[in-house]
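Data block below; observations after.
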Amino acid sequence: MATFGLNMDTGCGFDVENMVGAGAGQTIEYLRQQGADEAADYIEECLPEDSQAEIEQWSRDRRRYFYEG
């Protein structure tokens with residue numbers, strides 16, 4: 001995806017979990033409906049559709065790290 005090739009910080013420091021706030025399955029479905037198959041394929045590569053619990057834990061960890069820590 002073009003976003004990850006913008007610069008070193010974006011490519012290495014932007015977690016794919018940031019892209020799936022609605023859940024991996026829902027986001028993939030939405031992207032496919034919008035014709036964004038490349039983005040949907042990338043997310044499918046990185047995150048299984050049943051990864052919602054892991055994404056929620058990641059989100060709690062990020063909030064704790066950036067806002068409470």
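These numbers were taken from a predicted model, which means no experiment stands behind them. All values below were derived from every heavy atom in this structure, side-chain atoms included, with hydrogens, water molecules and symmetry-related copies excluded. Here, residue 1 is the first one in the sequence, and each next residue gets the next number.
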Should Ile28 and Trp58 be regarded as members of a common hydrophobic cluster, given that ILVMFWY residues are connected when their side-chain heavy atoms come within less than 4.5 Å of each other, either directly or indirectly?
no
Of all heavy-atom pairs between Val20 and Leu47, which one has the smallest distance, and what is that distance?
CG2-CD1, 3.7 Å
Return the [atom1] to [atom2] distance between [X] and [Y], rounded to the nearest 0.5 Å.
X: Gln26; Y: Gln52; atom1: CD; atom2: CD; result: 6.5 Å
X: Gln57; Y: Arg62; atom1: CD; atom2: CZ; result: 10.5 Å
X: Ile43; Y: Glu17; atom1: CD1; atom2: CD; result: 10.5 Å

Do the side chains of Glu44 and Thr27 get nearer than 4.5 Å, heavy atoms only?
no
